[in-house]
Amino acid sequence: MALNVDRPCGTFDRNYYQAMEIFRTPLRKFLMVAFIVVMYVFAFILDDYLLSILIVFCAFSVGMTGLQIITGYAGQISLGHAAFMGVGMYTVAIFQEHLGFNFWMALPLAGLIPMLIGMLFGIPAVRIKGLYLAFASLAAHFVIVYTINNWRSVTNGTDGMYLHRPAPLLGIDFLIDQYYYILVLTVTIVMIYFAKNLTRTKLGRAFVAVRDNDIAAEVMGINIAHTKVLAFGIGCFYAGIAGAIGGGYYEYVNVEWFTLTDSIWYLGFLVVGGLGSIFGAIAGAVVWKTLDELSTLMTPLAEALLGGMAFYASAAFSLVIYSLIVIVVLVLEPRGINHRWQIIKRSYRLHPFPY
Amino acid sequence: MAVDIRNVAKKREQRYSYGLTLLRESIEKDRDLPTEDEIFKKVILKAEDITISFGGLNALSDVTLELREGELLAIIGPNGAGKTTLLNVISGFYRAQKGEVYFQDQKITHFSSHRIAAMGICRTFQNIALYTGLSVIDNIIAGRHPHINYNFLNGMLYFPWARREEARQRQIAEDIVDFLEMEQVRNTTVGMLSYGLRKRAELGRALALEPRILLLDEPMAGMNLDEKEDIARFIIDIHEFLRIPIVMIEHDMGVVMDIADRIVVLDFGVKIGDGLPEEIGKDPKVVSAYLGATGERVAWKIS
C-alpha cells in the first residue's frame with residue numbers, strides 16, 4: 001500500500017492545527033526563514049545587474065502563481081496570461097498619468113482591474129473545456145492587445161507609457177534598485193503566502209475538485225460556474241500584480257512586451273515547473289527567466305562563432321533551447337520539477353533505506 | 001428477565017461513539033433527527049411520473065418513487081433499466097421531460113445540482129468520481145464545502161477564525177475517516193488507493209455533506225465478500241445512527257434482501273414492482289424480468 005512519506009520518521013501531529021501547517025518540522029521552518037533572510041540580504045550584496053534578474057524572477061513567480069491557480073489548480077487553460085500582466089502594468093501607468101494616483105494607490109487597482117477582465121473572459125469556461133477553452137481564452141489576448149494599441153488617447157498606443165516607482169517612504173528611496181528589490185520581494189512573499197493559503201482552504205479544494213471531476217463537484221455541492229470564474233479572477237489578479245511590480249522596475253511599459261508567444265511560454269514553463277503546486281510555479285518562472293538571461297549572455301559567444309550570422313542565430317537560439325527544454329521535461333518528467341523535488345525530499349527523509 | 005430497552009439503545013450508541021458522533025452533532029445543530037413517529041410515515045422525497053428519453057430510447061416512463069423517513073430503499077433491475085437515470089434526475093443532473101421531484105414538499109425539479117446537494121441530497125457514483133488529486137482527508141473536507149462558512153478572502157488571508165473553522169472541519173472529517181476505518185490511508189492521494197478503498201472514500205465524501213437523503217449507486221459493485229460485508233455494515237450504521245433515509249441501487253440480491261426495508265424494481269424504464277423484500281422475491285413479474293423468460297421456458301431449458 002502506498003503511504004505518504006511526507007515528513008521524517010517520528011514527527012507526528014498532536015492536534016489539527018499542526019496537521020494544517022505549511023511547514024511541519026522545525027527544520028523546514030528554519031530553512032524557510034533562512035531562505036527569506038538570504039533573499040533580503042541579497043539586496044545589499046548583489047550588484048544591480050543580478051538584482052534586475054532577481055526582480056524579474058519575483059515578478060514572474062507571482063504571474064506564474066496566478067497561472068498555476070487557473071491551470072494547475074482549477075484546470076482551466078488560459079492562453080492570454082501575458083496580456084493580463086500587461087493590463088496590470090498599463091493600469092498603474094494609466095492611473096498615474098491620467099488620474100494622478102501614486103504607486104501605492106494604483107497597486108491594488110493593478111490587481112483588481114485584470115481580475116474583473118479575467119472574470120469576464122473566464123465566463124466561457126463555464127460551458128466549454130480543454131482545447132476549446134484554450135481557443136476561447138485566446139480571444140482575451142487579442143482583445144486586450146488590440147485595445148491597448150488602438151485606444152491611443154488613454155494608452156499612447158504603441159509608444160508605450162511611463163510608470164513611476166513609489167515615492168520615498170520612511171526615508172527609503174525606491175528609485176534605488178536595491179530598495180525597489182526589497183519592495184518587490186516583500187510583495188512576492190506576501191502574494192505567494194496568500195496563494196498557498198488559498199490552495200489549502202475551501203476555495204482551493206473546490207478548484208481541485210473542479211479540475212479532477214467537475215461533474216462530481218457539481219453534484220457534491222460546489223457551484224462550478226462560480227468556482228471557475230473566480231479561478232480566472234484570482235489568477236488574473238496575480239498576473240496584474242506581477243505586471244505592476246515588474247513594470248515599476250522598468251518605469252516604462254510597452255504593448256509589444258506581451259506577445260502571444262509569452263503567453264504560450266507561460267503555459268510551457270508552468271508544465272516544466274509542475275502543475276498543481278506553488279513550488280512548481282516558482283520553479284517554472286525561475287527556469288524560464290534563467291534561460292532568458294543565459295540566451296542573452298550567449299549572444300557574444302554566438303557572434304564569435306558565427307560572425308555576421310550571430311544576430312539571427314541568437315534570436316533563434318533561445319526559442320530552440322526553450323522548446324527543447326519543454327519537450328525534454330514533457331518526455332522525462334511530465335509532472336515537472338516539483339515532482340522531481342518531491343522525490344529528492346523523500347529520499348532524504350528515508351535516507352538509509354531506498355524506499 | 002426483562003431487557004431495559006433504553007439501556008440497549010444506549011449501548012448501541014456507545015458502539016458508534018468512535019465515529020460519526022461529531023458529524024451527528026453537526027447535523028443536529030441544523031435540524032432535528034426524525035422522531036419515532038415520523039419513521040416510515042412521513043414522505044421526504046417524492047419523484048412523480050418521471051419521464052425521460054434519450055432520442056428514441058425511453059429511459060424512464062412515468063416512474064413514481066416515494067421515499068419515507070428512516071427508510072432503506074433498494075432499487076433493483078437489469079442493466080439499462082434506468083436506475084442510475086432515476087438517481088441522476090433526483091440529484092438534478094438530468095432534467096426530466098415530464099414529472100416533478102419534491103423534496104420535503106418543495107419542488108426541486110429545476111434546481112441546479114449544487115443547490116440540491118447543499119439541501120442535503122447526496123450521492124455516490126457507480127463509476128468512482130473522487131477528486132483524484134486530493135488525499136482522502138481532503139476529499140472528505142472538500143465534501144463539506146457547503147458547510148464551511150468563511151469566504152475565500154478569509155481563507156486566502158488565513159484569519160484566525162478561518163483557521164479555527166478549518167480545524168473544526170478537519171475534526172469532523174477525521175471522525176468520518178475513523179468511522180470508515182481509513183486512518184492509515186488518510187493522507188494518501190485517492191488516485192493511489194485500491195478500488196474498495198476508493199468506494200469507501202466516496203461514501204465518506206457523501207457523508208461529509210451532512211446528507212438528508214443518501215443516494216448510493218451500486219456501493220458494492222466489483223467487491224469481494226469481505227468488502228461487501230464491510231460496506232453493508234457501514235450503510236447500516238449510517239442508517240441507524242444518523243437516521244438518514246437511503247436509496248441504494250444494488251445488484252447483489254442477497255444484500256438487498258437482507259438490509260432493504262422496501263424494494264423498487266425497474267425494467268426498461270418502467271416500474272414493475274414496489275414492496276417489501278418478501279413480496280418482491282415472489283412476484284412473478286420480477287422473477288421473469290430477472291430470469292428473462294417465463295417459468296415454463298426455464299423448466300424446458302433445465303430439462
Side-chain angles (χ1 to χ4, degrees), chain A residues 1-7 13 15-22 24 69 72-75 190-227 230-231 233-234 237-238 275-277 335, chain B residues 88 91-93 112-119 121-123 125 128-135 137-139 141-148 150-152 154-158 162-171 174 184-189 191-194 197 202 205-206 208-209:
Chain A
M1 188 174 297
L3 292 174
N4 255 20
V5 189
D6 56 359
R7 67 193 79 176
D13 298 327
N15 53 48
Y16 296 117
Y17 293 108
Q18 229 167 335
M20 298 179 328
E21 275 177 7
I22 302 176
R24 293 204 193 82
I69 288 169
Y73 283 95
V190 169
M191 293 301 282
I192 287 171
Y193 174 67
F194 285 171
K196 189 76 197 166
N197 283 342
L198 179 76
T199 57
R200 64 182 169 146
T201 50
K202 183 182 177 185
L203 191 64
R205 281 187 298 264
F207 284 163
V208 179
V210 168
R211 176 192 74 191
D212 286 347
N213 207 322
D214 52 350
I215 291 166
E218 176 82 24
V219 178
M220 299 315 284
I222 294 168
N223 186 342
I224 54 171
H226 189 123
T227 309
L230 255 183
I234 294 171
F237 182 91
Y238 273 77
L275 288 169
S277 75
R335 282 187 275 178
Chain B
N88 283 344
S91 59
F93 186 55
S112 53
S113 297
H114 64 87
R115 204 169 149 203
I116 291 175
M119 288 170 77
I121 301 184
C122 313
R123 65 174 293 182
F125 296 84
I128 300 166
L130 284 163
Y131 312 136
T132 36
L134 291 177
S135 63
I137 187 93
D138 278 341
N139 261 284
I141 304 177
R144 290 198 60 78
H145 187 86
H147 299 282
I148 303 179
Y150 59 79
N151 66 20
F152 79 93
N154 287 328
M156 215 162 162
L157 303 176
Y158 216 55
R163 183 164 168 263
R164 263 200 305 278
E165 177 72 8
E166 272 297 292
R168 193 176 74 86
Q169 301 300 345
R170 181 171 281 265
Q171 201 177 0
E174 291 278 4
Q184 300 204 341
V185 292
R186 62 155 74 83
N187 285 325
T188 312
T189 41
M192 292 159 82
L193 292 181
S194 68
L197 284 173
E202 212 191 9
R205 190 184 61 179
L209 255 159

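Source: prediction; values computed, not measured.
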Study note, to complete from the structure: In terms of heavy-atom pairs under 4.5 Å with chain A, the winner among B:F93, B:F125, B:Y150 is B:Y150
Point to revise | Max heavy-atom pair count under 4.5 Å with chain A, selected residue of B:A162, B:G133, B:C122, B:S112 | key: B:G133
Exercise for review: Just give me the residue among A:A217, A:G204, A:A195 that pairs up with chain B most often, heavy atom to heavy atom, under 4.5 Å.
Suggested key: A:A217
Practice item. Below 4.5 Å from any heavy atom of chain A, which atoms of B:E174 appear? Answer side chain, backbone, both or neither. Key: side chain
**Study point:** Heavy-atom pair with the smallest gap, counting every atom of B:S91 and B:R123
**Key:** OG-NH1, 3.2 Å
Exercise for review: Scan side-chain atoms only and decide if B:Y158 and B:E166 contain a donor-acceptor pair under the 3.5 Å cut-off.
Suggested key: no
Review point. Looking at B:P146, B:G143, B:A118, which makes the most heavy-atom pairs under 4.5 Å with chain A?
Key: B:P146
**Study point:** Nearest heavy-atom neighbours spanning A:I222 and B:A142
**Key:** CD1-O, 4.4 Å
Study note, to complete from the structure: Scanning both residues in full, the closest heavy-atom pair of A:Q18 with A:N15 reads N-OD1, 2.8 Å
Check your understanding: Can B:H145 and A:M220 be said to form a side chain to side chain contact (heavy atoms under 4.5 Å, CB included), step by step?
Key -> CA-CA 8 Å; B:H145 187 86; A:M220 299 315 284; over 6 Å; no
Point to revise | Under 4.5 Å from any heavy atom of chain A - which part of B:R205 | key: both
Exercise for review: Verify, without hydrogens or angle tests, whether B:S113 (side chain) and B:G92 (backbone) share a donor-acceptor contact under 3.5 angstrom.
Suggested key: yes
Exercise for review: Measure across A:R200 and A:R205 and return the closest heavy-atom pair with its distance rounded to 0.1 Å.
Suggested key: O-NH1, 3.5 Å
Point to revise | Closest-packed option against chain A by number of heavy-atom pairs under 4.5 Å, given B:R115, B:H147, B:E165, B:R163 | key: B:R163
Practice item. Measure B:R164 against the heavy atoms of chain A and call it side chain, backbone, both or neither at under 4.5 Å. Key: both
Check your understanding: Non-hydrogen atoms of chain A under 4.5 Å away: do they reach the side chain of B:I141, the backbone, both or neither?
Key -> both
Check your understanding: Who among A:D212, A:L230, A:L198 has the most heavy-atom pairs with chain B under 4.5 Å?
Key -> A:D212
Practice item. Pick one of side chain, backbone, both or neither for A:R211, based on which atoms fall under 4.5 Å of a heavy atom in chain B. Key: side chain
Point to revise | Leading residue by heavy atom contact count with chain B [cutoff under 4.5 Å; candidates A:I224, A:N213, A:I234] | key: A:N213
Revision key, fill the gap. Whatever's closer than 4.5 Å to a heavy atom in chain A on B:L209 counts as side chain
**Study point:** Whether over 12 other heavy atoms sit under 6.0 Å from A:R335 CZ
**Key:** no
Check your understanding: Using non-hydrogen atoms only, which part of B:A208 is less than 4.5 Å away from chain A: side chain, backbone, both, or neither?
Key -> neither
Exercise for review: Tell me, with the steps shown, if B:T132 and B:T189 meet side chain to side chain contact (heavy atoms under 4.5 Å, CB included).
Suggested key: CA-CA 7 Å; B:T132 36; B:T189 41; over 6 Å; no
